[in-house]
Asker: 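Sending over a structure as structure tokens; questions will come in a sec.
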Amino acid sequence: MTFKELKLNKPILRAVFEKNYEQPTLVQERAIPIILSKKDTIVSAPTGTGKTAAYALPILQLLFDKQDAPKKGKKIRALVVCPTRELAVQIEENFKAYSTYTNLRTTVIFGGTSFEPQKEKLKKGIDVLVATPGRLLDLHKQDCVNLDYVETLVLDEADLMLDMGFINDVRKIERLCPTKKQILLFSATMPHKVEELASSILKMPEYIEVAPTSSTAKGIQQRLYYVPKRNKIELCLHLLRNELKGTCIIFRRTKFGVDKLEKTLLNNNYKAVGLHGDKSQSMRQEALNEFIKGTSNILIATDVAARGIDIKEVDIILNFDIPNVSETYVHRIGRTARAGATGLAISFCSADEKKYIKDIQELIRKEIQIIEEHPYPLDPKAKPVVHKKKGSKHKKGRKSVASKKKKKRWY
Ligand code: AMP
């Protein structure tokens with residue numbers, strides 16, 4: 001299928017071609033016609049599959065087809081709500097790029113930064129507003145945002161918004177928009193609470209599931225290192241020195257962990273930057289820019305700070321800590337191998353984290369390749385845990401001598 005066959009208008013097609021998109025991704029192919037028909041839609045698709053364009057392109061097309069007369073002034077007719085500032089900025093950039101050849105205007109508002117410039121931008125009149133929930137409600141309270149004309153409401157990364165405790169804000173925002181509107185809900189995973197929200201606010205939605213909620217992109221090679229907690233930094237330095245080449249995002253569970261590793265890597269002359277929620281907005285943006293420009297080739301981040309960030313050509317994802325929520329693993333490694341590219345995802349698992357690996361493997365329905373040969377094995381004598389699966393040929397217990405000799409094994 002081509003973008004032309006999706007019946008997009010010329011100005012939008014021109015912008016898409018300038019992005020060098022040769023053909024729609026699967027989620028775009030399936031979602032664009034439904035969104036153009038103005039139906040409520042739930043889309044469950046892995047990160048990095050082109051979700052943003054899947055809603056931005058048809059929204060712009062609908063707005064373009066039905067523009068207000070210039071003298072009436074611009075009104076917010078599409079509202080995109082998403083959980084993090086970084087994601088909001090990125091979505092705004094996408095809308096701006098796709099609407100280059102139209103006179104449609106997009107702006108973004110998010111917390112942690114001063115109100116005035118955002119108020120000024122809103123005053124000028126816009127067609128599309130991208131917002132994080134808290135700042136949107138604040139500015140609405142101050143009478144700076146009018147949601148009375150919203151025709152399409154997008155809830156992006158709905159699962160993370162709910163995880164971050166935005167459920168009441170999201171419901172409030174939905175009620176502030178007109179009753180008659182199109183709602184599009186995008187979520188990388190579909191936990192029960194997202195389904196509950198969807199069934200309470202969407203009307204007879206179309207449901208698009210591009211891949212199982214738990215799937216990881218095909219191009220990602222996944223590797224697992226069992227390593228004592230105390231040796232994780234050494235193993236990280238060892239791999240950076242000897243094996244890992246290219247751009248790398250390292251995920252840590254805590255802000256403290258991000259700061260500590262950033263310091264260590266800088267002391268070892270690596271160009272690393274840290275990203276977490278305790279850093280100011282300008283520091284976060286600066287860290288991202290440094291990584292995007294290539295001034296730094298290692299970004300160390302917490303999950304919330306990194307979710308949804310679209311950084312092209314990330315070669316390696318390193319899970320320094322194993323996430324205790326399995327879906328987070330899928331999100332993390334979804335930062336590499338985006339839009340069909342290839343990538344490497346490495347995970348460091350200490351003894352207390354083995355249970356999370358078991359859950360992750362069950363979720364992704366895949367056994368991660370264990371790298372046994374490295375300088376900091378968890379317990380040289382201990383056998384890695386083998387998770388017996390229904391129909392699996394592998395049995396619990398000791399491995400044969402022949403298989404012990406292999407450098408890498410699949411479980
Ligand atoms: P997203 O899932 O929206 O974060 O998009 C992931 C990446 O895919 C972004 O860098 C997009 O610019 C890119 N992308 C989106 N649609 C296409 C397409 N049809 N062809 C190639 N790349 C795309």
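Counting starts at 1 for both ligands and their atoms, in listed order.
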Asker: So if I count the atoms of ligand 1 from 1 in the order they appear, which ones are less than 4.0 Å from some heavy atom of F3?
Answerer: 19 (N)

Asker: List ligand 1 atoms under 4.0 Å from T25, heavy atoms only on the residue side.
Answerer: 17 (C), 18 (C), 19 (N)

Asker: Does the side chain of S296 come under 3.5 Å of the side chain of E290 through a donor N or O and an acceptor N or O?
Answerer: yes

Asker: Ring-plane angle category for F95 and Y55, please: parallel below 30°, perpendicular beyond 60°, tilted otherwise.
Answerer: tilted

Asker: If we check side-chain contact (heavy atoms from CB on, under 4.5 Å) with L79, which of these qualifies: T152, V150, L155, V128?
Answerer: V150

Asker: May I ask you to check if ligand 1 and Y21 share an N or O to N or O distance below 3.5 Å?
Answerer: yes

Asker: Would you mind finding which of L26, V16, I91, T52 brings a heavy atom closest to atom 3 (O) of ligand 1?
Answerer: T52

Asker: Does Q90 reach ligand 1 with a nitrogen or oxygen that is under 3.5 Å from one of the ligand's nitrogen or oxygen atoms?
Answerer: no

Asker: F320 vs F348 aromatic rings, parallel, tilted or perpendicular, using cut-offs 30° and 60°?
Answerer: tilted

Asker: I'd like to check whether K51 has a polar contact with ligand 1, where a contact means an N/O of the residue lying under 3.5 Å from an N/O of the ligand.
Answerer: yes

Asker: Quick one: does Y98 get an N or O within less than 3.5 Å of an N or O on ligand 1?
Answerer: no

Asker: What atoms of ligand 1 come closer than 4.0 angstrom to any heavy atom of Q23?
Answerer: 18 (C), 19 (N), 20 (N)

Asker: For K121, I'd like to know if atom NZ has over 12 heavy atoms of other residues, nucleotides or ligands within 6.0 Å.
Answerer: yes

Asker: Under a 4.5 Å cut-off applied to non-hydrogen side-chain atoms, are C349 and K354 in contact?
Answerer: yes

